[in-house]
**Q** 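Sharing a structure, written as structure tokens. Questions coming.
As the structure lists them, so they are numbered: ligands from 1, and atoms in each ligand from 1.
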Amino acid sequence: VKKILKRIVIGFLALVVVFVLFAGWLAYRMNAEQKVLRPIPTAMVTAGVYAVQDGTVNLFLVNDGDDCVVIDAGNDIKSVEKGMRSLNFDPAKVKAVFLTHTDGDHVAALRLFRNAKVYISVLEEQMLNGKTHRFFIFNNKIDTPYEKIDDSQTVTIGKIAVKGIMTPGHTPGSICYLVNGQYLFTGDTLSLRNNEVQRFNDFFNMDSKTEEKSIRNLAHVTGVRLILTAHYGVSSDFEKAFHSWR
Ligand SMILES: [Zn+2]
């Protein structure tokens, strides 16, 4: 009995050591990957388009008179609320939230927009219902009801037209939004480095090869005046940014 007990204790200790090493490696990698992110400060980006910075992530607000929609919902509800107030926007006036995907740093402030409809892509639902895990056994989750938007579908909120462009890769249901035909919100589908489009961090991507296909597809969108990413700022030179993807 003593022998068996000893083996159990050693086995258990070995498991603890493996777990601690893995957790340490994960924390180290996460930290290194977060360091290359380049969100922009809370401010107006161009007339009617505003960025809110929440730590390493941006969400965006599009406003046209009485109509106001938000792209993504940040990492921390308090910080998002503070950002909205500093821009003099009442979160209760937001009519719709369009999620580029459902990772935790894009959905935290959904409850803040209490009068808004929430949209995810038809392909992203698998991240919420347990069909596809984000990481090991872990699933994404959001704490509000939602509607679904499909590839090429346009949802119109007053004077604001939001067209979905399905861009799987980062998550299987990642989607970009082309707003009023000129503002392209790309979420985590790509990164911008020295004004050039590159893949998003492989470490955070579920399928980088599929993401590359999505980026090549995006390179053929016409009329884009501004690319707005969730972690890498914005670019007003669409041609240059996508030139190596055509
Ligand atoms: Zn993100």
**Q** Tell me, please, if His106 has any N/O/S atom, main chain or side chain, under 2.8 Å from the Zn ion (ligand 1)?
**A** yes
**Q** Thinking salt bridges, do Arg193 and Glu196 make one under a 4.0 Å N-O criterion?
**A** no
**Q** Of all N, O or S atoms in Asp188, which has the smallest distance to the Zn ion (ligand 1)?
**A** OD2
**Q** For the CG atom of Leu59 and the CG atom of Asp105, what is their distance to the nearest 0.5 Å?
**A** 10.5 Å
**Q** Flag His231 as yes if one of its N/O/S atoms falls below 2.8 Å of the Zn ion (ligand 1), otherwise no.
**A** yes
**Q** Just say parallel, tilted or perpendicular for the rings of Phe200 and Phe204, cut-offs at 30° and 60°.
**A** tilted
**Q** In Asp105, the N, O or S atom nearest to the Zn ion (ligand 1) is which?
**A** OD2
**Q** Would you check if the distance from the ring center of His170 to the ring center of His106 is below 6.0 Å?
**A** no
